[in-house]
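What you see below is based on every heavy atom in this structure, not just the backbone, and it leaves out hydrogens, waters and symmetry mates. Chain letters run A, B, ... following the sequence lines, proteins first, then strands; residues in each count from 1.
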Amino acid sequence: MSAIDIRKVIQEELNNIAPEADIASVDPVADLREAIDIDSMDFLNFVIAIHHRLGVDIPEIDYPKLVTLDGAFAYINGKLQAQQ
Amino acid sequence: MTVSTDKPHLSRDHMLDLLKQMVRIRRFEDKCVELYTQEKIRGFMHVYDGEEAIAVGVIPVLEKRDRIVATYREHGHALVRGVPMTKVMAEMYGKQEGCSRGRGGSMHLFDAATNFHGGNAIVGGGLPLAVGLALADHMQGNNLVIACFFGEGAVAEGEFHESLNLAALWGLPVLFVCENNLYAMGTALAISESETDIQHKATCYRIASEAVDGMDVVAVEAAARRAVHAVRESHKPYFLECRTYRLRAHSMFDPQLYRDKGEIEVWRHKEPIVRFQEWLQANQMIHQDDVSRLESEIDAEIAEAVAFAEAGTWEPVEQLTRFTYADPAVPTGR
Amino acid sequence: MQQGTARSETTEMTYREAVREALRDAMKRDERVFLMGEDVGRYGGCYAVSHGLLAEFGPERIRDTPLSESGFTGAGIGAAMVGMRPIVELMTVNFSLLALDQILNTAATVRHMSGNQFGAPLVIRMATGAGRQLAAQHSHSLEGWYAHIPGIKVLAPATLEDARGMLWTALQDPDPVIIFENVMLYNMAGKLAANAGQVNIDKAAVRRSGRDISLISYGGSLWKTLEAATALAAEGIEAEVIDLRSLRPLDDASIMASVAKTRRAIIVDEGWRSGSLAAEVCMRIIEQAFWFLDAPIGRVCSEEVPIPYPRHLENAALPQAPKIIAAAKAALGRA
Amino acid sequence: MADFLMPSLGADMEAGTLVEWLVKPGDWVKRGDVVAVVETQKGAIEIESFQPGQVEKILIGLNSKVPVGTPLAQIKTEAEGKAAVATPPPAPPPYPVTPAVPPGMVVATPVPRPPPVAAAAASPAARRLAQERGIDLSMIKGTGPGGTITYADVEQRLGAAVAVPPSEPMEKKRAIGLDLDAMRLAIAAAMARSKREIPHYYLEHRIDVSASEHWLAQRNETRPPESRLLMAALTIKAVALAAHRFPAFNGFYRDNKFESSKAVHVGTAIAIRGGGLAAPALHDADQLPLDELMSRMRDLIQRTRAGRIRGSEISDSTITVSSLGERGVEALYGVIYPPQVAIVGFGKTVTRPWVIDGAIGPRPVLAVTLSADHRVSDGHTGALFLAEIGKLLMEPDNL
């Protein structure tokens with residue numbers, strides 16, 4: 001799966017959770033919980049969506065690594081490469 | 001109008017009757033053409049001008065219990081067989097008083113009473129049907145003759161070969177009558193058949209066959225006697241090719257681009273009514289008053305038929321789907 | 001295997017043997033009945049259905065024909081018109097195309113066209129359906145074509161009881177009846193009541209009752225539909241399976257009764273989707289049970305492609321249980 | 001005098017072009033004589049006269065295309081020609097114009113009478129809207145054929161203009177189907193009434209939730225995301241169990257008296273993105289195993305944010321729980337939702353210095369608050385109630 005595809009999936013799922021937020025213009029290193037006002041339930045739904053669409057399981061202890069856009073991309077990309 | 005089948009009659013009455021039958025068809029078809037131009041008759045219509053001698057020569061030789069299968073050019077056959085002209089004309093108008101309840105029209109004249117198993121708009125479609133009628137007779141042992149009329153165009157259909165083979169293979173009492181008028185709609189015989197001697201095709205199926213001048217009603221009648229007798233006795237099929245010519249177009253809407261007027265004129269002098277009438281007059285068998293008397297009788301019958309059709313009624317639309325399937329309350333055949 | 005089995009109330013039998021029993025029964029009870037078709041006599045039938053009948057009834061009533069489908073079908077129609085009750089076997093629906101003119105333009109039409117002067121009370125049997133890797137020309141499923149024609153009746157026996165019981169009823173009908181026997185069913189074995197006999201030919205049957213969704217099918221596809229229903233039940237979905245049995249006339253009442261209860265319907269039809277029998281059933285449901293629908297009506301048909309020869313492609317082209325399960329779940333809004 | 005008309009030569013011929021006259025005025029014609037040539041889509045066709053007589057007048061010039069039935073020429077019939085003027089032959093009876101479609105042919109398929117309204121018959125579209133907006137169909141009188149409920153009927157029942165027809169694809173906009181302005185009005189009315197009528201008293205209790213946090217982490221470790229739990233599930237279950245034991249906080253104050261409720265339906269305050277709040281009920285929260293409670297809560301939140309809550313879910317809550325989550329404040333004091341009599345608030349979990357067995361250590365500390373109706377309960381029972389919640393949260397196995 002290409003990098004662009006991964007970023008597209010992340011963006012789509014965050015958009016499902018925060019439809020009115022403009023994910024594209026979010027600072028990639030900003031804390032998503034602040035930037036687009038998502039709570040623990042939203043974040044759990046995000047993790048579920050990523051697991052469902054990309055087959056990447058994110059244990060709870062890794063949650064902090066995904067609180068920024070870049071962090072989320074790096075983590076997921078890494079996991080997918082490992083699976084290939 | 002049944003004729004004893006033992007020896008050819010040349011009695012005056014018989015000759016007059018043959019002439020009257022042919023003129024009756026010709027004038028009926030003429031009136032139909034007129035009515036068609038007035039939009040009283042619709043759909044497809046194929047008239048029998050020029051070929052009258054075949055129906056008039058063959059059909060009277062059959063018995064009432066025998067069966068007939070014809071084609072879409074079957075007005076003449078129906079009239080000679082005895083389907084009332086009133087019911088035929090009403091059918092042409094599409095009125096429910098017609099012989100097929102107005103549902104068949106020119107190409108689908110049916111009459112159970114005279115065992116007239118219909119016109120058929122599918123070229124060659126009637127042949128397997130006739131074989132079936134003969135198969136049933138073969139199993140029921142009624143010693144019938146099944147007369148099946150078709151044009152030379154049908155010999156190109158698989159069903160022609162399948163039917164001749166079945167009839168010969170199973171020994172079925174079918175009288176195949178080929179009305180060879182040289183043109184299958186717009187296609188001359190020579191450019192549609194490798195073997196143009198139609199009668200010869202029957203020999204390939206070991207079927208007794210004969211060709212006759214379809215413009216000579218007396219010759220056709222004599223050949224028909226031989227054929228019907230042979231079928232009745234042998235229970236085997238018989239193939240009678242009648243060589244004829246159609247004076248009018250294939251159907252109403254046909255500019256006849258496929259043949260030139262000169263050819264039509266040549267055949268106009270050889271057509272069955274002109275030839276027969278001149279021969280009768282030359283031999284003092286008939287006189288002008290005989291001709292005018294039978295013509296006025298015919299015109300009266302045609303006028304009555306047209307009036308009957310004009311007065312006819314449209315089938316109510318609520319009955320549209322009726323008889324798509326059998327109606328237990330109404331036995332088949334009415 | 002037919003006679004002399006112990007008088008247990010059921011006998012083990014294949015679908016093919018059930019049809020053969022139906023033929024023997026009809027021939028013994030009515031001398032007007034005779035069987036006509038390619039290789040039905042000496043060869044014993046292309047699918048061995050008429051095996052042994054030539055010896056039992058003789059060549060007059062078990063008539064081998066030349067390869068003249070139009071010819072002998074037309075002959076069957078002609079014979080039926082004047083007192084016989086022929087059973088014409090068109091080896092498969094694929095060859096029936098050569099006889100379609102006789103079936104449509106004469107058999108189906110003559111009564112109406114002749115103003116009730118003539119009828120054609122014959123039965124035409126033909127094998128149908130794919131699944132034997134016979135490739136495009138020998139794998140058609142055209143029941144829908146024939147079910148389109150006013151003037152004939154069309155049946156699809158899917159069970160042993162129907163294979164055994166529909167023929168006699170069809171032979172009593174004053175109008176032409178076409179019986180489709182799916183090629184994949186001939187070898188199907190099962191128990192049949194020893195005294196099995198005539199069945200009705202105008203009612204659909206509920207082969208499995210359920211409340212969540214109606215799976216409507218016929219002939220060969222019925223068994224795939226039942227397989228799907230069993231799988232759905234394991235996931236808590238109770239599917240009702242309707243066997244149409246008669247494709248013309250369609251038993252609207254039974255269809256609507258089921259759909260009104262379940263509010264969802266999937267039609268499973270081996271024909272091609274466009275202008276298919278499935279399309280007709282869907283439209284009737286919309287015309288008569290629209291107000292009860294809770295989900296779009298679904299269809300599972302053959303892919304619109306000439307049936308391919310390789311097994312895996314043929315299977316992909318044909319309706320299968322997984323496709324039916326997916327369609328049912330979609331109608332229920334479940335992933 | 002008889003008209004010679006343009007003849008119909010074919011089933012599909014409407015008109016013909018006269019290309020050649022073969023006769024001229026004064027010529028005598030017999031029946032069957034060819035008098036003209038007409039060009040049709042199929043080619044040139046000779047047309048014959050069926051009327052014997054003398055050509056009187058040519059009416060149509062060459063190369064003029066005229067419809068079938070148009071008079072082309074006039075022919076004096078023989079009788080007329082010879083003797084005194086005879087009455088013209090009767091014009092053919094007016095041809096009964098066969099309507100293109102015989103009367104009544106198009107049998108209008110009757111509009112299918114829907115079956116008698118046993119179950120509430122409603123159109124699929126109506127059902128979908130009702131289901132999405134939590135409307136009970138049997139409460140609606142249908143105006144469709146036969147009293148069937150249509151989309152418009154449900155829409156009408158909803159009253160407030162539907163912001164966006166549900167069938168429209170969801171674009172970047174606030175939760176579809178929710179009219180936030182209307183919601184703001186409803187909240188304002190409830191809060192004002194609550195402050196007006198209910199004498200609130202407030203209590204706070206701080207709890208060490210390390211046990212719950214450890215229990216959660218350990219349990220979630222081996223589970224896929226779909227079946228993981230959140231702290232919110234534990235807190236709601238604790239409140240539900242406590243409310244079951246302390247009925248004074250679980251019920252309705254109506255008509256100047258309090259009715260406690262056997263069932264515990266916990267109203268879960270859910271913030272709606274872009275403003276707005278709703279507190280739909282988690283039914284029988286005290287009896288739900290944690291996994292079930294979690295999945296129902298997830299479903300409830302998703303549906304609330306999509307504006308798809310059922311009517312019963314809004315009105316059934318017997319007590320409410322409000323939590324501002326990780327980024328909120330340390331403690332929140334809620335306003336009771338009438339006719340309820342209590343609201344429990346959970347602040348943000350904060351790591352604080354905590355004394356255990358005489359020693360100080362860092363511990364995750366959560367502030368639990370209670371706003372209760374002093375007409376129904378007083379501080380003493382309120383404190384016991386909060387203590388029970390705290391105890392439960394410290395022994396998660398009992399949840």
Original post:
Does atom OH of Y43(C) have more than 12 heavy-atom neighbours, drawn from other residues, nucleotides or ligands, at distances under 6.0 Å?
Top reply: no
Original post:
Are the side chain of Q117(C) and the backbone N or O of A112(B) linked by a donor-acceptor pair below 3.5 Å?
Top reply: yes
Original post:
Which bit of R63(C) comes within less than 4.5 Å of chain B, counting heavy atoms only: side chain, backbone, both or neither?
Top reply: side chain
Subject >> chain C contact via R67(B) - side chain, backbone, both or neither, heavy atoms under 4.5 Å >> reply: side chain
Original post:
Would you say I122(B) and Q102(C) make side-chain contact, with heavy atoms under 4.5 Å?
Top reply: no
**OP:** Indicate the atoms forming the closest heavy-atom contact of F116(B) with F118(C), along with that distance.
**Re:** O-CE1, 4.0 Å
Original post:
Looking at side-chain heavy atoms only, is the closest gap between T73(C) and P128(B) below 4.5 Å?
Top reply: no
Subject >> Minimum side-chain heavy-atom gap F110(B)-V110(C) below 4.5 Å >> reply: yes
**OP:** Evaluate whether atom CD of Q172(C) has more than 12 neighbouring non-hydrogen atoms of other residues, nucleotides or ligands under 6.0 angstrom away.
**Re:** yes
Subject >> Residue W145(C) excluded, over 12 heavy atoms near CH2 under 6.0 Å >> reply: no
Subject >> Interchain contact, S70(C) with chain B, by part (heavy-atom threshold 4.5 Å) >> reply: both
Original post:
Any side-chain donor paired with an acceptor under 3.5 Å for R111(C) and T332(B)?
Top reply: yes
Subject >> Contact origin within L129(B) toward chain C - heavy atom pairs under 4.5 Å >> reply: both
Subject >> Per-residue contact mode, L122(C) against chain B (heavy atom under 4.5 angstrom) >> reply: neither
Subject >> L98(C) versus chain B, the contacting section by heavy-atom distance below 4.5 Å >> reply: neither
Subject >> Among the listed options A79(C), A80(C), P66(C), the residue most often paired with chain B at heavy-atom distances under 4.5 Å >> reply: A79(C)
**OP:** Output the distance between atom OG (S68(C)) and atom CG (L169(B)), rounded to the nearest 0.5 Å.
**Re:** 9.5 Å
Subject >> F44(B), CZ: over 12 other non-hydrogen atoms inside 6.0 angstrom >> reply: no
**OP:** Please round to the nearest 0.5 Å and tell me the distance separating atom CG of N116(C) and atom CZ of F323(B).
**Re:** 4.0 Å
Original post:
Between H138(B), H161(B), H108(B), which residue shows the highest count of heavy-atom pairs closer than 4.5 Å to chain C?
Top reply: H108(B)
Subject >> L67(C) and E162(B): CA distance, side-chain angles, deciding distance, side-chain contact (heavy atoms from CB on, under 4.5 Å) verdict >> reply: CA-CA 8 Å; L67(C) 298 186; E162(B) 295 172 21; over 6 Å; no
**OP:** Begin from the C-alpha positions of T321(B) and H112(C) and carry the test side-chain contact (heavy atoms from CB on, under 4.5 Å) through to its verdict.
**Re:** CA-CA 8 Å; T321(B) 58; H112(C) 185 274; over 6 Å; no
**OP:** Using non-hydrogen atoms and a 4.5 Å limit, figure out which bit of D137(B) sits close to chain C: side chain, backbone, both or neither.
**Re:** neither
Original post:
What part of E60(C) lies closer than 4.5 angstrom to a heavy atom of chain B: side chain, backbone, both or neither?
Top reply: both
Original post:
So what's closer than 4.5 Å to chain C heavy atoms on L133(B): side chain, backbone, both or neither?
Top reply: both
**OP:** Using atom types as modelled and distance alone, determine if a side-chain donor or acceptor of Y325(B) lies under 3.5 Å from a backbone N or O of D175(C).
**Re:** no
Subject >> Minimum-distance pair of heavy atoms, taken over all atoms of V82(C) and A136(B) >> reply: CG2-CB, 3.4 Å
Original post:
Considering residues, nucleotides and ligands other than R65(B), do more than 12 of their heavy atoms fall under 6.0 Å from its CZ?
Top reply: yes
Original post:
Can you tell if the side chain of Q140(B) reaches within under 4.5 Å of the side chain of M84(C), non-hydrogen atoms only?
Top reply: yes
Original post:
side-chain contact (heavy atoms from CB on, under 4.5 Å) between V131(B) and F72(C): does it pass, once the steps are laid out?
Top reply: CA-CA 9 Å; V131(B) 167; F72(C) 66 78; over 6 Å; no
**OP:** Check whether M81(C) gets within reach of chain B through its side chain, its backbone, both or neither, counting any heavy atom under 4.5 Å.
**Re:** side chain
Original post:
Under 6.0 Å from the NE2 atom of H235(B), do we count more than 12 heavy atoms belonging to anything else shown?
Top reply: yes
**OP:** Quick one: which of G151(C), G74(C), P176(C), P150(C) has the most heavy-atom pairs under 4.5 Å with chain B, could you say?
**Re:** G151(C)
